[in-house]
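Along the sequence shown, the residues carry numbers beginning at 1. In listed order, ligands and their atoms are each counted from 1.
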Amino acid sequence: MQTLAKRVEQIAPFQVMAVMERAKHLQAAGEDVIHLEVGEPDFTAPEVVNEAGIAAIREGRTGYTAATGLPELRQAISEFYLERYKVQVAPERIVVTPGASGALLLLSSLMAEVGSEVLMPDPCYPCNRHFLLQVGAQARMLECLSEHNFEIDLDSLASHWQAQTTGLWLASPANPTGSVLAKDYVVKAWDIVQQQGGHMLVDEIYQGLVFEGEDFTALSVSDDIFVVNSFSKYFAMTGWRLGWIVVPEWAIEGATKLAQNLFISAPSIAQYAALRAFQPDVLAECEQRRQTLAERRMTLLKGLEKLGLPIASAPQGAFYVYVDVSSITTDAMQWCLALLEQEFVALTPGADFGMKDAHKYVRFAYTCDCQRIEQALERIARFIQA
Ligand SMILES: Cc1ncc(COP(=O)(O)O)c(C=O)c1O
């Protein structure tokens with residue numbers, strides 16, 4: 001009898017899949033489902049970016065590229081860091097990957113030993129801990145409180161560091177909380193991690209989608225911090241599967257070997273398309289979309305307050321609000337399913353993102369327009385009162 005590798009058992013399926021499947025089913029049956037569960041807004045890649053991808057196909061630029069990415073794309077990313085964030089990042093330190101997912105997998109292989117442990121916030125992006133499991137390591141999640149912006153308490157961080165701990169993974173803006181870290185926080189965290197001799201990753205996949213606080217990169221704090229990014233969110237290119245990782249100089253050779261072996265290269269068509277993304281017209285369009293998201297954020301936050309579900313600290317970035325629903329239910333997953341069944345509003349249960357208190361939370365993604373968000377809020381109000 002053939003069996004699956006044991007590590008597969010340790011990987012929890014996403015609870016949101018049950019919600020999404022049911023939502024699809026209801027929609028197919030003609031119901032008007034409002035989708036606030038998915039991690040991608042209702043924007044597509046900017047049209048000129050699409051055209052650049054089509055041109056790459058027509059011109060036959062469809063083969064493998066260098067394992068670390070097209071030199072001109074690494075150059076464009078480097079220039080973007082300089083222009084927008086005033087940080088010098090040598091193109092050689094940038095490795096283009098199949099999405100931030102590819103970057104996180106690469107980083108797990110690069111920095112986590114078998115049996116080692118990486119600290120990260122609870123709640124956080126669920127795939128992080130699964131990527132670590134793939135390489136025989138694991139995540140230790142540190143409880144984060146809403147009243148502290150869902151940030152790891154840095155005063156106690158060192159006390160969590162054990163012999164097997166090798167690093168700290170953070171994200172800013174974060175999924176599912178929308179929290180944006182302050183630069184001082186990153187400086188302090190890096191200080192502690194350095195004292196412990198560990199590595200630090202900051203996942204900046206929602207970079208640029210900041211509504212309050214400073215939009216900066218952790219690369220401005222140190223060249224030795226690993227930074228992950230992607231074209232998925234700011235550039236709305238989720239399906240193009242393109243991201244990157246910035247590594248310290250001493251890690252370039254190791255990261256290159258892994259990129260060669262894990263992926264051969266990131267998708268060439270997506271890379272040619274992404275080259276177009278850093279032009280001023282596309283950046284202006286992305287800024288316009290950020291403003292659209294800012295309006296949606298306010299609509300949702302005001303609406304939640306009216307529903308009696310106020311947010312302890314308003315999320316400063318990304319396109320998520322992580323909401324404590326414990327005043328109305330003891331089981332957020334069941335609540336999500338019942339809401340979908342009765343009012344056709346799809347949300348993501350907190351259990352996908354964390355352990356402690358996750359059953360109290362749901363994540364709203366403000367991925368549809370204000371009118372739809374208001375409609376969703378009306379339906380939720382009716383559901384709560386029923
Ligand atoms: C925090 C975070 N990191 C990484 C990813 C993976 O993104 P992608 O592989 O599409 O670049 C996501 C996707 O939602 C995310 O929220």
Side-chain angles (χ1 to χ4, degrees), residues 11 14-17 19-20 35-45 49 69 73 77 94-108 118 120-132 134 139 141 144 150-152 168-181 186 200-210 217-218 226-246 259 262-263 265-267 270-271 273-274 277 286 293 315-322 347-348 350 352-354 361 363-367:
I11 296 187
F14 292 138
Q15 294 209 12
V16 72
M17 289 302 168
V19 177
M20 281 163 82
H35 291 279
L36 300 178
E37 83 281 31
V38 281
E40 56 184 347
D42 51 348
F43 309 132
T44 61
V49 170
L73 181 59
I77 295 170
I94 299 166
V95 178
V96 178
T97 53
S101 305
L104 289 164
L105 183 61
L106 189 152
L107 187 88
S108 304
V118 171
M120 56 187 75
D122 178 357
C124 72
Y125 180 57
C127 302
N128 286 350
R129 54 182 186 272
H130 299 156
F131 286 129
L132 287 167
Q134 296 308 307
M141 301 181 63
C144 295
F150 293 104
E151 289 167 3
I152 290 178
L168 172 70
W169 289 14
L170 302 172
S172 180
N175 177 9
T177 59
S179 301
V180 172
L181 299 175
V186 175
M200 186 159 116
L201 159 79
V202 183
D203 182 340
E204 298 185 346
I205 183 173
Y206 296 95
Q207 187 172 59
L209 298 175
V210 173
T217 170
F226 291 84
V227 162
V228 163
N229 211 320
S230 173
F231 288 90
S232 285
K233 309 293 175 169
Y234 189 64
F235 295 105
M237 293 175 68
T238 43
W240 294 79
R241 308 309 305 131
L242 201 65
W244 70 88
I245 181 167
V246 181
L262 290 174
F263 317 120
S265 79
Q271 292 189 62
C286 293
L293 288 172
Q316 306 89 4
F319 37 74
Y320 305 118
V321 184
Y322 199 53
L347 300 174
T348 302
D352 276 343
F353 305 103
Y361 281 88
R363 186 192 73 177
F364 284 69
Y366 37 101
T367 48

Test ring-ring contact (aromatic ring centres under 6.0 Å, His included), reference Y206, set F319, Y125, Y234, output is F319

Using atom types as modelled and distance alone, determine if a side-chain donor or acceptor of T97 lies under 3.5 Å from a backbone N or O of G99. yes

Approximate separation, where rounding is to 0.5 Å, of H130 NE2 and I11 CD1: 5.5 Å

Starting from atom 7 (O) of ligand 1, what is the nearest protein heavy atom, named by residue and atom, and what distance separates them? I205 CD1, 3.1 Å

Y125, any N or O under 3.5 Å of ligand 1 N or O: no

Nearest heavy-atom neighbours spanning C144 and E151: SG-C, 3.5 Å

Are W240 and S230 packed together at the side-chain level, in the sense that at least one heavy-atom pair is separated by less than 4.5 angstrom? no

Just how far is it from atom CG of L170 to atom CG of D203, taken to the nearest 0.5 Å? 10.0 Å

Side chain to side chain contact (heavy atoms under 4.5 Å, CB included) with F150: of C124, P315, S179, only one passes, and it is S179

Ranked by distance from atom 9 (O) of ligand 1, the top protein heavy atom is S101 OG, 2.5 Å

Which residue and atom name correspond to the protein heavy atom nearest atom 13 (C) of ligand 1, and how close is it? K233 NZ, 3.4 Å

Can you tell me which portion of S232 lies within the under-4.0 Å heavy-atom range of ligand 1? Options are side chain, backbone, both, or neither. side chain

Run the numbers for me: atoms of ligand 1, each under 4.0 Å from some heavy atom of G99, listed by number. 9 (O), 11 (O)

How far is atom 3 (N) of ligand 1 from the closest protein heavy atom, and which atom is that? D203 OD2, 2.7 Å

Indicate yes or no: does an N/O atom of S230 lie under 3.5 Å from an N/O atom of ligand 1? yes

Heteroatom distance test (P98, ligand 1): nitrogen or oxygen, under 3.5 angstrom: no

How about S108 and W169: do any of their side-chain heavy atoms sit closer than 4.5 Å? yes

Looking at ligand 1, is there an atom of it that comes within less than 4.0 Å of some heavy atom belonging to Y206? yes

4.0 Å heavy-atom contact, R241 with ligand 1: yes

